[in-house]
J.: 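Okay, handing you the structure first.
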Amino acid sequence: MATKIFGIKNCNTMKKTFQFFEENGMDYEFIDYKKKAPDVDLLAGFLSKTPLEELVNRRGTTYKKLSDEEKEQTMQQATALPLLNEKSSMIKRPIIVFEDGDVVAGFDEEAILAKK
């Protein structure tokens, strides 16, 4: 299993992530949420390795446009997963799943290099 990077291709943070991986000679497989939406099982797998607070991108436009009720739903796994499945732009980018199963949410150079 190769390292997998999940996200949205045109996101600036994703472009920075791809460049970082390439500059450091790290192989990866990219999974674009716009072409293959993450299902609830995949999201639950992310949450088995990283807290919900790290998975939800609360700084993005998609989150900011949510109703107060929907924002409340992002606070608990049972209600957050279907919402994240429906609105994948609200998932922090990138989500990196390394060959050993470890997950890094967001662009963190030190955490990525530690897995090299």
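Below, each value reflects all heavy atoms present in this structure, side chains not excepted, and no hydrogens, waters or symmetry copies. Residue numbers count from 1 along this sequence.
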J.: What are the two closest heavy atoms between M14 and K9, and how far apart are they?
T.: CB-O, 4.3 Å

J.: The criterion is salt bridge (Lys or Arg N to Asp or Glu O under 4.0 Å); which residues satisfy it with K115, sequence neighbours excluded?
T.: D100, D102

J.: Please tell me if the side chains of M90 and T74 come closer than 4.5 Å, counting only heavy atoms from C-beta onward.
T.: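 Result yes, sub-4.5 Å side-chain heavy-atom pair found.
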
J.: Evaluate the side-chain proximity of P94 to F107: yes if any heavy-atom separation is below 4.5 Å, no if none is.
T.: yes

J.: Could you tell me whether the side chain of E53 reaches within less than 4.5 Å of the side chain of M75, counting heavy atoms only?
T.: no

J.: Locate the shortest heavy-atom distance separating S48 from G45; write the atom from each residue and the value.
T.: OG-O, 2.6 Å

J.: Specify the closest pair of heavy atoms between I91 and N57, including all atoms of both residues, with the distance to one decimal.
T.: C-CB, 4.1 Å

J.: Take atom NZ of K116 as the centre, draw a 6.0 Å sphere, and report whether it contains more than 12 heavy atoms from other residues, nucleotides or ligands.
T.: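 Yes - once you tally the heavy atoms of other residues, nucleotides and ligands closer than 6.0 Å, there are more than 12.
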
J.: Please name the residue in the list E72, R58, K71, Q73 that meets the side-chain contact (heavy atoms from CB on, under 4.5 Å) test with L66.
T.: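 The side-chain contact (heavy atoms from CB on, under 4.5 Å) with L66 is passed solely by K71 among E72, R58, K71, Q73.
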
J.: Would a 4.5 Å heavy-atom cut-off, applied to side chains only, mark Q77 and L47 as touching?
T.: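 Touching, per the 4.5 Å side-chain cut-off.
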
J.: Just so I know, are the side chains of K92 and L55 near enough to count as touching, which here means a heavy-atom distance under 4.5 Å?
T.: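 Not in contact.
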
J.: Decide yes or no on side-chain contact (heavy atoms from CB on, under 4.5 Å) for V97 and V104, but give the supporting numbers first.
T.: CA-CA 7 Å; V97 180; V104 172; over 6 Å; no

J.: Between L42 and D39, which heavy-atom pair has the shortest distance, and what is it?
T.: N-OD1, 2.7 Å

J.: Same cluster or not: V40 versus L83, using hydrophobic residues (I, L, V, M, F, W, Y) connected whenever any side-chain heavy atoms lie under 4.5 Å apart?
T.: yes

J.: What I want to check is whether the side chains of E22 and Y28 have a donor and an acceptor closer together than 3.5 Å.
T.: yes

J.: Could you state the interatomic distance from CD (E70) to OH (Y63), rounded to the nearest 0.5 Å?
T.: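 Answer rounded to 0.5 Å: 10.5 Å.
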
J.: Measure up the F18 and F30 rings against each other and bin them: parallel (under 30°), tilted (30 to 60°), perpendicular (over 60°).
T.: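 F18 vs F30 ring planes: perpendicular.
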
J.: Is the F46 ring parallel, tilted or perpendicular to the F6 ring (thresholds 30°, 60°)?
T.: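 Rings of F46 and F6: perpendicular, as their planes differ by over 60°.
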
J.: May I ask you to test the P38-L84 pair for a side-chain heavy-atom distance under 4.5 Å?
T.: no

J.: Side chains of I112 and I96, heavy atoms from C-beta outward: is any pair under 4.5 Å?
T.: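 They are in contact (side-chain heavy atoms under 4.5 Å apart), so the answer is yes.
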
J.: Quick check: closest heavy atoms across L81 and L43, and the distance to 0.1 Å?
T.: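 Closest pair (atom of L81, atom of L43, distance): CD2-CB, 3.5 Å.
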
J.: Is any side-chain heavy atom of I31 closer than 4.5 Å to a side-chain heavy atom of I5?
T.: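 With C-beta onward as the side chain, the pair stays apart.
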
J.: Give me the atom names and distance for the closest heavy-atom approach of R93 to C11.
T.: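 Reported closest heavy-atom pair: NE-SG, 3.3 Å.
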
J.: Has D108 got a side-chain atom pairing as donor or acceptor with E110's backbone, closer than 3.5 angstrom?
T.: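 Yes, the answer is positive, given that a donor and an acceptor are paired below the 3.5 Å cut-off.
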
J.: On the 0 to 90° scale, with breaks at 30° and 60°, tag the F98-F21 ring pair as parallel, tilted or perpendicular.
T.: parallel

J.: I need the S88 OG to K36 NZ distance, nearest 0.5 Å.
T.: 12.5 Å

